[in-house]
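For the single chain, residues carry numbers from 1 onward in sequence order. Basis for what follows: all heavy atoms, side chains included, without hydrogens, waters or symmetry-related copies.
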Amino acid sequence: MPTPTDPHLCYALAARQNARHLSRLYDSHLAPAGLSVSQFSILSLLQAYQSLKITSLAEMLSMERTTLVRALKPLQAAGWVVAGRADSGRSFDVTLSPSGVAKVVEAVPLWENAQAAFEREVGQDRAVRMRDQILELNLGG
């Protein structure tokens, strides 16, 4: 009989193992663009929303604000993201620069290849069902 400490019963372990696998898959596909899947997610959200308060972007990514600030630094250094104080001076706005838009355009076909690779690995119907079930849980907000 399984015990409460049986690692095969742990939801967090199972989720982390699969998340690491997915990250490696997407990272390998996005590598030619010089991006990780986390960086691509940030850039693509900024492209979709034009400009976001850093707190809003952190919420969308289910990240701590300070973790997001650290994640933005290499994107800013590359010139893909611009962050600055909002008019109120109390919050930061984050926007995608023109070179950031170009980086997203470059990376989208690579991301599409990663999507297709995952669908080949687990089956398209299963991949879609899995994504929809995860989104339905809405654990991150």
Find the distance between [atom1] ([X]) and [atom2] ([Y]) and round it off to the nearest 0.5 Å.
{"X": "Arg65", "Y": "Thr67", "atom1": "CZ", "atom2": "OG1", "result": "11.0 Å"}
{"X": "Leu22", "Y": "Gln17", "atom1": "CG", "atom2": "CD", "result": "12.5 Å"}
{"X": "Leu43", "Y": "Leu35", "atom1": "CG", "atom2": "CG", "result": "6.0 Å"}
{"X": "Glu136", "Y": "Arg129", "atom1": "CD", "atom2": "CZ", "result": "13.0 Å"}
{"X": "Ile54", "Y": "Glu59", "atom1": "CD1", "atom2": "CD", "result": "12.0 Å"}
{"X": "Gln115", "Y": "Glu112", "atom1": "CD", "atom2": "CD", "result": "8.5 Å"}

Got [X] and [Y] here, is their nearest side-chain heavy-atom distance under 4.5 Å?
{"X": "Asp93", "Y": "Lys53", "result": "yes"}
{"X": "Phe118", "Y": "His29", "result": "no"}
{"X": "Gln39", "Y": "Leu30", "result": "no"}
{"X": "Leu72", "Y": "Phe92", "result": "no"}

Side-chain donor/acceptor of Asp27 to backbone N/O of Val37, under 3.5 Å: yes
Exercise: identify the closest heavy-atom pair between [X] and [Y]:
{"X": "Ala33", "Y": "Lys103", "value": "O-NZ, 2.8 Å"}
{"X": "Ala114", "Y": "Leu25", "value": "O-CD2, 3.8 Å"}
{"X": "Glu106", "Y": "Pro32", "value": "OE2-O, 3.9 Å"}

Residue Arg126 excluded, over 12 heavy atoms near CZ under 6.0 Å: no
Could you state whether [X] and [Y] fall into the same hydrophobic cluster, counting links through intermediate Ile, Leu, Val, Met, Phe, Trp or Tyr residues with side-chain heavy atoms under 4.5 angstrom apart?
{"X": "Leu75", "Y": "Tyr49", "value": "yes"}
{"X": "Trp80", "Y": "Met63", "value": "yes"}
{"X": "Leu61", "Y": "Val82", "value": "no"}
{"X": "Val128", "Y": "Ile134", "value": "no"}

Qualifying residue, where the test is side-chain contact (heavy atoms from CB on, under 4.5 Å) with Val94 and the options are Leu46, Leu45, Ile42: Leu46
Ring geometry between Trp111 and Tyr26 (parallel below 30°, tilted from 30 to 60°, perpendicular above 60°): tilted
Flag for Ser97-Ser99: side-chain donor and acceptor within less than 3.5 Å: yes
